[in-house]
Each structure stands twice: as structure tokens, then as C-alpha cells.
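Structure, as C-alpha cells:
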Amino acid sequence: MSGGRSTDYNPRPMTVRTRFAPSPTGYLHIGGVRTALFNWLFARRHGGQFLLRVDDTDAERNVAAALRPILDGFRWLGLDWDEGPEVGGPYAPYYQSQRGDRYAEAVERLLATGAAYRDYATGDEIQAEREEAQRDKRRFLYSRRWMAETDADAARFEAEGRRAAVRLKMPREGACRFRDLVRGDVEFEWGLEQDHVVQRADGTCLYHLASAVDDHDFAITHVIRAVEHLSNTPRQLFITTALGYEPPAFAHVPYVAAPGGAEKLSKRKLDRYLRHHEFKAIYDRGLSVAERSRIEVSPETFNPVVVDFYRAVGYDPDALLNYLLLVGWSLDDRTERFTRDEMVAHFSLERINRAAASFDPVKLAAFQERRMQALGVDERVARATPFLERAGLVAAPPSPAELARVRDVVAAAGERIKVAGDVLDYPEFFQADGDVAYDGKAFDKRLRKDGVAPRLRRFRDRLEATRPFDAATFERTLHEFVEAEGIRIGQVIHAVRVAVTGKAVGFGLFEGLAILGPDACLARIDRALARLASQDSAA
RNA sequence: GUCCCCAUCGUCCAGAGGCCUAGGAUUCAGCCCUUUCAAGGCUGAGACACGGGUUCGAAUCCCGUUGGGGACGCCA
């Protein structure tokens with residue numbers, strides 16, 4: 001596939017080029033997004049390009065399906081890629097599974113220059129050496145016993161029925177030094193490095209080789225990735241220089257740690273994180289939104305460690321990005337709120353922290369809340385409506401009347417709607433009068449009290465005569481009523497709220513009554529009164 | 001086990017020898033506001049892991065201890 005492309009040296013471009021290399025796993029990890037964000041920001045900051053490369057050297061057949069949620073996640077977050085899957089680019093293809101001939105070519109060159117050798121050891125033989133090293137409490141180093149130094153060696157091994165993998169012939173002396181843009185000067189003893197396999201016996205090649213070749217082929221200037229890769233860097237540098245490439249700059253960012261802990265955040269440890277109360281609260285909240293909006297909850301993706309969780313619950317992508325930016329990076333001692341442009345304008349690798357930081361979903365929620373407050377009503381309506389549609393509370397698409405209702409509710413609920421899915425806390429404004437569910441506790445506390453029923457009936461009659469039917473008028477009416485009855489405001493307002501909305505809590509009652517309109521309000525009060533009467537007689 | 005890294009409030013960060021009786025955010029507690037719930041306002045609690053140096057002076061530099069973590073694949 002590499003066609004007529006000249007293979008050896010790409011001219012080092014003047015522009016910054018970064019990449020994020022997802023492997024098609026079917027989900028986008030929150031820590032991965034943070035790394036991707038740093039890459040994206042750095043490229044945008046310097047007017048360069050950000051690209052996506054698909055690390056599918058271990059290819060299975062459903063790469064496309066497993067990649068889609070990841071690309072969707074990037075799109076949702078607004079992290080656009082200049083080159084990569086779906087958009088292509090001048091260095092296509094961007095799938096490692098399609099670049100095999102480039103890797104094979106590189107392996108040949110490595111072999112030709114003596115930077116690599118054909119190795120005929122079997123897995124068991126390597127394993128035996130490894131165990132021996134373990135027993136001697138020393139770091140394993142392959143003996144090179146089955147290394148084919150000549151064609152004759154190779155022929156002899158092959159006659160034994162052995163098949164060759166290709167290993168790097170790592171230096172056994174000296175040190176590999178390089179300057180990491182986050183960690184400063186780092187040094188690794190060459191003598192401690194393995195003779196890593198770069199090509200399997202079946203001819204397929206491995207990640208490190210592919211990565212080094214691709215980074216060169218794609219003219220990547222800055223490799224910004226998680227620290228897990230720090231110790232992989234010497235072997236990649238070895239490959240890179242053996243191939244005659246100019247190495248990119250490296251920046252290894254710390255991993256994102258588990259909530260309240262220090263170990264690496266892992267998608268597979270959800271059960272353990274749920275023991276963390278705050279984490280569980282976020283999860284439960286999301287779960288209730290998902291249930292009510294009938295979102296399919298798969299343990300694979302409905303997980304606060306996976307980005308899709310936040311989309312499903314109605315978080316704002318900018319809030320997530322803003323929060324993630326601050327996990328391991330800061331501008332100064334007080335700036336926390338960043339618009340996308342501000343992030344781009346201020347981001348720098350120098351200010352990335354060296355220590356791992358734990359993921360705090362509660363602080364993320366705080367960012368989300370503030371972000372939501374900053375959005376106008378129209379925007380909040382646009383985000384909330386799909387949740388109501390999925391819950392079957394409005395038609396899809398909603399009628400003009402429904403849309404007006406959504407707008408009224410969202411405006412009245414104001415800051416109570418912290419994630420778009422929170423709109424589902426107010427189903428009573430979208431349900432038929434007879435469908436409104438009563439909170440039993442609230443009903444007992446506010447309505448099942450001596451004297452409440454007759455008073456509620458008197459208030460109902462006053463309400464019926466009240467015009468115009470708006471919040472300000474209700475407030476006046478209520479105060480007049482309270483004075484006439486010689487009671488405190490709390491002695492009637494809670495009863496009205498429970499009767500009309502079924503709940504003890506909610507946004508301003510007067511706004512609520514106005515939104516519902518006279519017919520619904522009166523019908524609901526009558527219904528509550530009837531329920532009170534029937535249950536009293538039953539009891 | 002071997003190699004490497006990290007270490008400031010519960011959590012995220014600021015701090016690059018004197019501006020630090022350590023600052024901001026979040027969380028938590030109390031108060032105010034209030035028809036409930038939120039929001040908001042105010043107040044408060046809360047940290048330089050420990051031990052040695054260096055220095056007139058150390059959260060900041062050095063060494064050690066302890067603790068935590070990561071990497072050690074014919075995975076990516």
C-alpha cells in the first residue's frame with residue numbers, strides 16, 4: 001500500500017504534529033481522553049495538526065465496530081482530528097493493520113544493519129530463562145542462544161523445525177538518555193533492556209516497531225502519552241535511530257488514578273470504586289437518569305470511568321474537558337474556568353504535573369454545574385428535550401405546545417437542572433393529571449393532618465377565582481388567604497405543592513401552578529382531596 | 001523479585017530559598033436568605049510524610065527512611 005512513497009526520510013515539518021493512538025476496545029477511557037486532550041491542545045496551541053492513529057496490530061475482525069464509540073466520543077467532546085480514520089490524510093492509511101508492508105520493510109532494514117536478529121527460541125525456552133533470572137533475583141536478559149548470526153545458523157535452526165521471530169539487538173552497555181518535556185532528563189541503562197521482539201514468527205509485527213515507524217511516517221513531532229510508556233521509550237528510540245529517523249520529542253504525562261486512591265484508574269474496577277461514596281453518588285445519579293430515559297445500561301460503557309457515561313447522563317463536554325484539563329495541569333494558583341479558546345491559548349507541557357492525580361467525579365460535577373449555569377435557557381432546553389423524548393414524556397419531536405412547556409419547566413427549574421438528564425426530575429409537568437405519582441411520605445406529612453382538607457378546599461376555591469393565572473397573582477392570593485385563615489404560610493403551601501406535584505420538593509410553587517394552568521391545578525387538588533377522603537373512610 | 005518514578009488540606013492544584021502565621025478550587029460543618037429543594041452570600045474546619053544535613057533563612061536544595069505507584073509480554 002505504500003505505493004511510490006519514498007520511504008526513508010520525511011522532511012521534518014515546521015509544524016507541530018501530535019497523535020493519539022487508540023486501540024479499538026469499544027470504549028473511551030477517561031484517562032485516555034485526558035491524554036488526547038493534552039495532545040489536541042498542544043497541537044492547536046502551536047497551530048499544528050492532531051491526528052488519530054488506530055493501533056490495531058493485534059487485529060480482530062470487528063475493528064470498525066469497536067472504534068465507533070471512540071470516534072463518537074471524540075466528536076462529542078469536540079476534539080477534532082486533522083488526519084486519521086474517516087477523514088484520511090496525506091499519510092494514509094492510519095490503521096496499523098494496513099501498514100504491514102512498512103513495518104516489514106523496517107524489519108528488513110533493522111536486520112540488514114544488525115540492529116535486529118532472527119531468533120529461533122521457542123516460547124518455552126524463553127520462559128525457562130525468564131524463570132531462572134527470577135530465581136537468581138536478577139532482571140531477565142535473553143542469552144541469545146538461539147540467535148541466528150549467519151544464514152547457516154538460520155538453516156540449522158530451521159532444519160530443527162524452529163521458526164524465527166525478530167528481536168532487537170539491544171546495546172548491553174551505556175545508557176539511553178533523553179529529555180522528556182514533562183519529566184526532565186531521563187536515563188535508562190541499555191544493559192537492562194530486553195531484546196524485544198519486533199516481529200512475530202508469523203510475520204506480523206508488534207506495537208513498538210509499528211509505533212516508531214508510524215510516528216516517523218506521520219511526521220509526528222511530539223509524542224505526548226501516558227507514563228506507562230516511559231520505559232518503552234528506550235526501545236522505540238533504539239528502533240528510531242537504527243532506522244535513521246530523527247526522533248520526536250517525548251512528553252510522558254502521569255496516569256490518572258482511581259478516586260480516593262493512587263493506583264491507575266481502571267475500567268474493570270468499577271465495583272471497587274463504587275465503595276467510594278462520592279463516586280457511587282455520581283454513578284447512582286447517572287443510573288437513575290438512564291433508567292428514566294430508557295437508555296440501555298451496559299456495564300461495558302455505563303461506567304464513570306468511560307466517557308460515554310457522561311454523554312448518556314447529559315453532561316456538557318466542555319465541562320468534562322475543563323475538569324480533565326486540571327487533572328495534572330494548571331495555569332496558576334487560581335484560574336480554573338477555561339473556555340476552549342482559553343485552554344488552547346494557555347496550554348503548555350511545562351505546567352504538567354509529575355505526580356499522578358486521582359479522578360474526582362464530585363469536582364467534575366461542580367464544573368458541570370457551573371457550566372450549566374452559564375448556558376442560556378434555549379441551550380438548556382435543547383439539551384434537556386432529548387431526555388424527555390426518550391422517557392416518553394413528550395413526543396419525538398415535541399409539539400410546539402410541548403416545547404413551550406419544556407421551556408417553562410427548564411426556566412423555572414433553573415439551577416436545579418445540573419445535568420441535562422435532571423429534567424426528568426419533573427415528570428409531573430408532562431403527565432396527565434391522573435398519572436401524577438404521590439410521594440407517600442410527603443402526602444402523609446403535608447396532607448393527612450387534621451384541618452388540612454377543608455383548608456385546601458377553601459384555597460382551591462379561591463384559586464379557581466384567581467385571574468390572571470400567573471405566579472405574581474398567586475403569591476398575592478396566597479398571602480391574602482394566609483391572612484384570612486390566620487395561619488402561617490407553611491401551613492398551606494406545602495399541602496398545595498404535594499397535591500399538585502405529588503412531591504415535597506421542587507422549584508417555586510407559584511411558577512409551577514402557572515405552568516400547569518388552572519384546569520390541571522384544580523383537577524389535581526380535587527384528586528388529592530378525593531384520595532384523602534377515600535383513604536380516610538377506608539381507614 | 002529487578003529497574004524506575006512520585007510525595008503540600010479528604011481530593012485537584014499554586015508554591016521554582018526569604019512575599020508562607022502556606023494561597024485557590026472542591027468537599028464537609030455552621031449561619032444568613034427562603035414556601036420546599038437547589039442556587040447564592042458569609043464564617044469555619046482541613047496539608048508541607050518522617051529524620052538528617054546545606055543555608056543567616058527550606059514546603060522549596062542534598063541524603064536517608066517510610067509510604068504510594070509504575071514498568072518489567074511473540075499486549076497496546
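A, B, ... follow the sequence lines: proteins, then strands. Residue 1 opens every chain.
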Which nucleotide, if any, forms a Watson-Crick or G-U wobble pair with [N], using both distances under 3.5 Å?
{"N": "B:U36", "answer": "none"}
{"N": "B:A49", "answer": "B:U65"}
{"N": "B:G17", "answer": "none"}
{"N": "B:A59", "answer": "none"}
{"N": "B:U11", "answer": "B:A25"}
{"N": "B:U2", "answer": "B:A71"}
{"N": "B:C31", "answer": "B:G41"}

Listed nucleotide nearest any side-chain atom of [X], set [options]:
{"X": "A:R351", "options": "B:A71, B:A14, B:A76", "answer": "B:A14"}
{"X": "A:A366", "options": "B:C74, B:U26, B:A76", "answer": "B:U26"}
{"X": "A:S23", "options": "B:A76, B:C3, B:A71", "answer": "B:A76"}
{"X": "A:R139", "options": "B:U26, B:U2, B:C37", "answer": "B:U2"}
{"X": "A:V362", "options": "B:U27, B:C72, B:C12", "answer": "B:U27"}

Calculate the interatomic distance between [X] atom [atom1] and [N] atom [atom2]; express it in whole Å.
{"X": "A:Q236", "N": "B:A71", "atom1": "CD", "atom2": "P", "result": "15 Å"}
{"X": "A:L209", "N": "B:C75", "atom1": "CG", "atom2": "P", "result": "13 Å"}
{"X": "A:D360", "N": "B:U26", "atom1": "CG", "atom2": "P", "result": "12 Å"}
{"X": "A:K418", "N": "B:G40", "atom1": "NZ", "atom2": "C1'", "result": "12 Å"}
{"X": "A:L192", "N": "B:G70", "atom1": "CG", "atom2": "P", "result": "20 Å"}
{"X": "A:K280", "N": "B:G10", "atom1": "NZ", "atom2": "C1'", "result": "20 Å"}
{"X": "A:E428", "N": "B:C37", "atom1": "CD", "atom2": "C1'", "result": "12 Å"}
{"X": "A:D180", "N": "B:G70", "atom1": "CG", "atom2": "P", "result": "19 Å"}

- Counting only side-chain N and O atoms of A:S330, is one of them less than 4.0 Å from OP1 or OP2 of B:C12?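 False: A:S330 side-chain N/O out of range (4.0 Å or more) of B:C12 OP1/OP2.
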
- Message: Using OP1 and OP2 only, check whether a side-chain N or O of A:R370 sits under 4.0 Å from B:A25.
- Response: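 False: A:R370 side-chain N/O out of range (4.0 Å or more) of B:A25 OP1/OP2.
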
Answer with base, sugar-phosphate or nothing: what part of the nucleic acid does [X] contact at a heavy-atom distance below 4.0 Å?
{"X": "A:H196", "value": "nothing"}
{"X": "A:F507", "value": "base"}
{"X": "A:F510", "value": "base"}
{"X": "A:Q199", "value": "nothing"}
{"X": "A:L326", "value": "sugar-phosphate"}
{"X": "A:E228", "value": "sugar-phosphate"}
{"X": "A:E369", "value": "sugar-phosphate"}

Would you tabulate the pairs of protein nitrogen or oxygen atoms and nucleotide nitrogen or oxygen atoms of nucleotides 20-24 of chain B closer than 3.5 angstrom?
unit_1	atom_1	unit_2	atom_2	d
B:G23	O2'	A:R334	NH2	2.7

Give me the ring orientation class for [X] and [Y]: parallel if the planes are under 30° apart, tilted from 30 to 60°, perpendicular past 60°.
{"X": "A:W329", "Y": "A:F338", "result": "perpendicular"}
{"X": "A:F188", "Y": "A:F178", "result": "parallel"}
{"X": "A:Y310", "Y": "A:F359", "result": "perpendicular"}

Neighbours of RNA chain B within [range], by heavy-atom distance under 4.0 Å:
{"range": "residues 254-266 of chain A", "value": "A:Y255, A:A262, A:E263, A:K264"}
{"range": "residues 118-130 of chain A", "value": "A:A121, A:R130"}
{"range": "residues 481-495 of chain A", "value": "A:I489, A:I493, A:H494"}

- Message: Ignoring hydrogens and geometry beyond distance, is a side-chain donor-acceptor pair present between A:Y142 and A:D119 at under 3.5 Å?
- Response: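 Side chains of A:Y142 and A:D119: pair found under 3.5 Å.
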
- Side chains of A:D214 and A:S211: do they bring a donor and an acceptor to under 3.5 Å?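 Looking only at side-chain atoms, A:S211 and A:D214 do not form any donor-acceptor pair under 3.5 Å.
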
State whether [Y] and [X] meet the cation-pi test: NZ (Lys) or CZ (Arg) under 6.0 Å from the six-membered ring centroid, and within 45° of the perpendicular axis.
{"X": "A:K267", "Y": "A:Y27", "answer": "yes"}
{"X": "A:R130", "Y": "A:F140", "answer": "yes"}
{"X": "A:R225", "Y": "A:F250", "answer": "no"}
{"X": "A:R370", "Y": "A:F367", "answer": "yes"}

- Message: Under the ring-ring contact (aromatic ring centres under 6.0 Å, His included) test against A:F20, which residue among A:Y94, A:F218, A:F74 passes?
- Response: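 Only one option passes, and that is A:F74.
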
I want to check something: taking the side chain as every heavy atom from C-beta on, are [X] and [Y] in contact at a cut-off of under 4.5 Å?
{"X": "A:L320", "Y": "A:V307", "answer": "yes"}
{"X": "A:V54", "Y": "A:S23", "answer": "no"}
{"X": "A:K441", "Y": "A:V498", "answer": "no"}
{"X": "A:L375", "Y": "A:R371", "answer": "yes"}

- Message: Which residues pass the salt bridge (charged side-chain N to carboxylate O under 4.0 Å, His left out) test with A:E160, not counting sequence neighbours?
- Response: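 Once residues adjacent in sequence are excluded, the partners of A:E160 under the salt bridge (charged side-chain N to carboxylate O under 4.0 Å, His left out) criterion are A:R162.
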
- Item | Pair A:Y283 + A:Y273: ring centers closer than 6.0 Å |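 No: the rings miss the under 6.0 Å criterion.
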
- Query: Crowded around A:R458 CZ? As in, over 12 foreign heavy atoms under 6.0 Å?
  - Reply: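 Yes.
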
- Message: A quick test of your reading: do over 12 heavy atoms of other residues, nucleotides or ligands sit less than 6.0 Å from CZ of A:R457?
- Response: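 Not buried by this count: 12 neighbours or fewer within 6.0 Å.
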
- Query: Checking only heavy atoms, does the side chain of A:H208 share a donor-acceptor pair with the base of B:A76 at less than 3.5 Å?
  - Reply: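 Check passes, donor-acceptor contact within cut-off.
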
- Query: Can you find an N or O donor on one side and an acceptor on the other, under 3.5 Å apart, linking the side chain of A:R138 with the base of B:U2?
  - Reply: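 No, the side chain and the base share no sub-3.5 Å donor-acceptor pair.
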
- Task: Could you check A:Q194 against A:R446 and say which one's nearest nucleotide on RNA chain B is further toward the 5' end?
- Result: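 The 5'-side residue here is A:R446.
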
- Note on the structure: With sugar-phosphate taken as primed atoms, P, OP1 and OP2 and all else as base, the protein-contact string of nucleotides 4-9 of chain B at under 4.0 Å (heavy atoms; B, S, -) is -SSS--

